[in-house]
Amino acid sequence: MTQHDKAASGPPFSSIAQTPQLRPYQQEAVKRVVVHFRASSEPALVVLPTGSGKSLVIAELARLARGRVLVLAHVRELVEQNHAKYQAYGLEADIFSAGLKRKEANRQVVFGSVQSVVRNLDRFNDANFTLLVIDESHRVSLNEDASYRQVIEHLRQHNAQLKILGLTATPYRLGQGFIYYRHHHGMVRGSEESFFRDCVFEQPLRLMVKQGYLAAPKRLDMAIEGYDFSALKPSSSGFFQEEELNRVVAGNRATPGIIGQIVERAADRQGIMIFAATVAHAEEIIGYLPRAEAALITGATPSRERTALIDAFKARGLKYLVNVAVLTTGFDAPHVDLIAILRPTESVSLYQQMVGRGLRLSPGKSDCLILDYVGNPWDIFAPEVGEPKPDSDSEPVQVECPACGHANLYWGKRDGDIVIEHFGRRCQGLVDDPDRNSKVASGQRGAVSGACKKQCDFRFRFKVCDECGAENDIAARRCHGCDKLLVDADDKLKDALKLKDAKVLRVSGMQLEATTNGRGLPRLKVTYHDEDGTHLSEWFALETSAQRRAFYAAFLRYHLRAPGGKWQPLSADEVVAEQRRLRHPDFVVGRKVGRHFQIRDKLFDYEGRYRKAVEAG
């Protein structure tokens with residue numbers, strides 16, 4: 001029986017006793033994948049920085065697989081590289097790629113381009129495909145009509161237990177954030193709708209550099225006059241329009257000086273890659289570089305010419321290679337030791353791919369100089385993903401969950417050592433799921449350590465269901481507890497404005513006062529002010545532990561800028577002294593009871609059609 005004929009329903013991998021001599025982190029990545037797929041068919045992800053040898057990990061997994069393997073990539077260069085690494089083990093595999101002029105799909109292992117495979121799905125009507133590997137898997141869309149999803153669905157129709165592994169250096173998509181749900185460190189990173197369920201292994205870039213596996217990136221934000229793209233806004237797709245980019249760079253007086261500085265910095269460098277904003281911009285740049293040492297590649301460069309120019313650059317016949325967003329993946333020139341970025345990007349993935357072109361090791365290379373003439377905001381080692389940065393003053397802050405103890409990382413603000421504000425909504429920690437654990441105990445398949453857990457239920461910011469009292473995400477439309485539609489904030493305001501005995505405040509400020517009531521007892525008075533001078537007040541007692549618990553439940557938990565913290569004030573004076581920790585609501589709704597108004601509702605994190613006071617122009 002050939003390997004091709006082995007049953008698709010059997011274990012996906014053979015023994016790993018004959019593991020080749022991979023680097024330790026590559027061995028660990030392979031081990032984690034094998035362990036995951038022996039227990040589960042949920043799609044898994046491995047994160048390895050650019051230049052860390054993903055092709056070797058792919059080759060080893062393909063070698064270990066019992067059934068047939070399809071390895072997909074989106075560009076022919078990656079198809080060719082991955083195939084070559086597998087052949088280096090003395091093994092044969094097919095290539096299915098129109099760009100490489102080969103369409104073979106008979107051997108146990110097939111390396112293909114997704115474009116060619118999706119157009120020829122009838123060539124892959126085989127239930128023996130047990131493993132699908134996707135290189136640069138951040139390109140897998142949530143859209144089920146996308147090419148990768150069509151291939152996945154086709155293979156699953158033939159084998160419902162198909163194992164799907166993604167590999168990428170940048171596990172996030174513009175507009176989506178992280179592309180996986182759970183991380184092997186025991187936390188939630190992406191949405192529950194993420195295609196990849198578990199990141200089973202991640203090797204940090206900083207550690208790769210520290211261990212000497214990659215060259216150190218040395219980033220400089222250039223002081224010379226650069227380009228100002230601050231007035232531009234990305235399109236709905238998240239990318240900048242070429243026409244708008246050209247308005248900034250075309251004929252810009254800064255360009256000659258920038259290129260002159262790049263040439264000066266390149267004097268003792270081996271290979272220089274320049275990322276231009278547009279084709280017109282690149283054509284101008286090439287005119288300022290030494291003619292015999294520079295070349296330009298764009299999406300319109302003919303295939304044969306492109307190959308010849310890349311080969312000349314790799315052979316060091318050319319020193320400068322200018323491109324417009326075409327040499328970000330599948331391009332391997334280890335001697336590159338200067339990257340000049342002359343284009344903006346809202347995509348952290350694209351930014352890291354550009355930087356990654358210069359991080360591979362090469363003789364005589366100690367680091368890679370990154371010259372950023374645009375001021376891209378991304379951190380090479382800790383990219384800002386998951387949630388957009390709320391404002392320029394925010395920084396990553398650690399917030400412990402009071403329910404499970406998980407150390408969450410959110411955008412926030414500090415005042416000395418105190419986190420006075422954070423923007424986290426739900427704890428990212430993973431906790432045991434009794435329902436899934438019981439299934440595992442009863443012998444059901446489909447759960448490894450991550451799949452036996454669920455996301456912690458604690459919410460730092462929430463809105464309460466009026467029907468059942470469950471806490472829901474602030475953007476939720478339907479209650480997760482009773483499945484009832486949640487009352488829309490706009491409807492609340494609209495209904496209140498219709499009532500004669502109601503008062504709606506567009507809150508412009510909140511005043512705290514430690515005072516006494518009519519009987520001389522200490523009280524905290526909180527007054528909310530509208531733009532037109534109208535105000536509403538509420539009073540709280542903090543003398544006993546029961547009163548302080550009530551104060552926390554009715555006021556503090558909603559008003560804290562850093563909810564979930566350990567601050568528990570013991571008196572009204574302490575609340576007033578630490579009012580920097582508090583935020584005011586966007587709207588307050590009061591109802592008249594007798595001669596006075598009582599506060600009935602407070603709206604926080606409001607996003608709707610009514611203007612907020614802070615937005616007043």
When you look at [atom1] of [X], are more than 12 heavy atoms from neighbouring residues, nucleotides or ligands closer to it than 6.0 Å?
{"X": "Arg119", "atom1": "CZ", "answer": "no"}
{"X": "Lys365", "atom1": "NZ", "answer": "yes"}
{"X": "Arg139", "atom1": "CZ", "answer": "no"}

Determine whether a donor-acceptor pair (N or O, by modelled atom type, separation under 3.5 Å) exists between the side chain of [X] and the backbone of [Y].
{"X": "Asp372", "Y": "Ile370", "result": "no"}
{"X": "Tyr213", "Y": "Arg23", "result": "no"}
{"X": "Ser194", "Y": "Phe196", "result": "no"}
{"X": "Asn472", "Y": "Ala476", "result": "no"}
{"X": "Lys85", "Y": "Ile58", "result": "no"}
{"X": "Gln108", "Y": "Gly67", "result": "yes"}
{"X": "Gln115", "Y": "His74", "result": "yes"}
{"X": "Asn106", "Y": "Asp94", "result": "no"}
{"X": "Gln161", "Y": "Thr130", "result": "no"}
{"X": "Arg68", "Y": "Asn128", "result": "no"}

Taking NZ, NE, NH1 and NH2 as the nitrogens, is one of them in [X] or [Y] under 4.0 Å from a carboxylate oxygen of the other?
{"X": "Arg426", "Y": "Asp457", "answer": "yes"}
{"X": "Lys454", "Y": "Asp433", "answer": "no"}
{"X": "Arg156", "Y": "Glu153", "answer": "no"}
{"X": "Asp432", "Y": "Lys453", "answer": "yes"}

Please walk me through it: do Asp337 and Asp367 pass side-chain contact (heavy atoms from CB on, under 4.5 Å)?
CA-CA 7 Å; Asp337 55 0; Asp367 59 27; 5.6 Å; no
Separation of [Y] [atom2] from [X] [atom1] (nearest 0.5 Å):
{"X": "Met187", "Y": "Leu409", "atom1": "CE", "atom2": "CG", "answer": "8.5 Å"}
{"X": "Arg173", "Y": "Phe195", "atom1": "CZ", "atom2": "CZ", "answer": "12.0 Å"}
{"X": "Glu92", "Y": "Glu104", "atom1": "CD", "atom2": "CD", "answer": "10.0 Å"}
{"X": "Leu132", "Y": "Ser137", "atom1": "CG", "atom2": "OG", "answer": "10.5 Å"}
{"X": "Lys103", "Y": "Ser97", "atom1": "NZ", "atom2": "OG", "answer": "9.0 Å"}
{"X": "Gln27", "Y": "Glu60", "atom1": "CD", "atom2": "CD", "answer": "8.5 Å"}

Single hit among Arg561, Arg414, Arg461 for salt bridge (charged side-chain N to carboxylate O under 4.0 Å, His left out) with Glu421:
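Exactly one option meets the salt bridge (charged side-chain N to carboxylate O under 4.0 Å, His left out) with Glu421, and it is Arg561.
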Give me the ring orientation class for [X] and [Y]: parallel if the planes are under 30° apart, tilted from 30 to 60°, perpendicular past 60°.
{"X": "His183", "Y": "His185", "value": "tilted"}
{"X": "Phe96", "Y": "Phe124", "value": "perpendicular"}
{"X": "Tyr410", "Y": "His422", "value": "parallel"}

Does a donor on one side chain and an acceptor on the other come within less than 3.5 Å for [X] and [Y]?
{"X": "His154", "Y": "Asn125", "answer": "yes"}
{"X": "Gln353", "Y": "Arg357", "answer": "yes"}
{"X": "Gln352", "Y": "Tyr172", "answer": "yes"}
{"X": "Lys163", "Y": "Ser41", "answer": "yes"}

Is NZ or CZ of Arg343 both nearer than 6.0 Å to the six-membered ring centre of Phe275 and within 45° of the ring axis?
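Because its charged atom misses either the 6.0 Å distance or the 45° angle limit, Arg343 does not stack over Phe275.
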Against the six-membered ring of Phe178, is Arg189 placed for a cation-pi contact (under 6.0 Å from the centre, within 45° of the normal)?
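Yes, Arg189 lies over the aromatic ring of Phe178.
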Report yes if the side chains of [X] and [Y] come closer than 4.5 Å at any heavy-atom pair, otherwise no.
{"X": "Val33", "Y": "Val57", "answer": "no"}
{"X": "Val355", "Y": "Ile339", "answer": "no"}
{"X": "Tyr180", "Y": "Asp198", "answer": "no"}
{"X": "Val133", "Y": "Leu61", "answer": "no"}
{"X": "Phe460", "Y": "Asn408", "answer": "yes"}
{"X": "Arg102", "Y": "His83", "answer": "yes"}
{"X": "Cys199", "Y": "Pro171", "answer": "no"}
{"X": "Leu48", "Y": "Phe201", "answer": "yes"}

Which heavy-atom pair separates [X] from [Y] by the least distance, and what is that distance?
{"X": "Asn82", "Y": "Ser55", "answer": "OD1-OG, 2.7 Å"}
{"X": "Ala73", "Y": "Tyr148", "answer": "C-OH, 3.4 Å"}
{"X": "Ala105", "Y": "Arg123", "answer": "N-NH2, 4.0 Å"}
{"X": "Phe331", "Y": "Arg360", "answer": "O-NH1, 3.8 Å"}
{"X": "Cys368", "Y": "Leu359", "answer": "CB-CD2, 4.4 Å"}
{"X": "Ala562", "Y": "Val419", "answer": "CB-O, 3.5 Å"}

What's the verdict on side-chain contact (heavy atoms from CB on, under 4.5 Å) for Phe458 and His406, showing C-alpha distance, side-chain angles and the deciding distance?
CA-CA 11 Å; Phe458 184 83; His406 177 72; over 6 Å; no
Passes side-chain contact (heavy atoms from CB on, under 4.5 Å), Glu136 versus Lys54? Steps please.
CA-CA 10 Å; Glu136 303 292 349; Lys54 291 193 298 292; 4.2 Å; yes
Between Gln81 and Arg76, is the side-chain contact (heavy atoms from CB on, under 4.5 Å) condition met? List the steps.
CA-CA 9 Å; Gln81 287 176 27; Arg76 67 183 187 183; over 6 Å; no
With Arg182 as reference, evaluate Glu42, Glu192, Gln455 under the side-chain hydrogen bond (donor to acceptor under 3.5 Å, both in side chains) test and give the passing residue.
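Passing option: Glu42.
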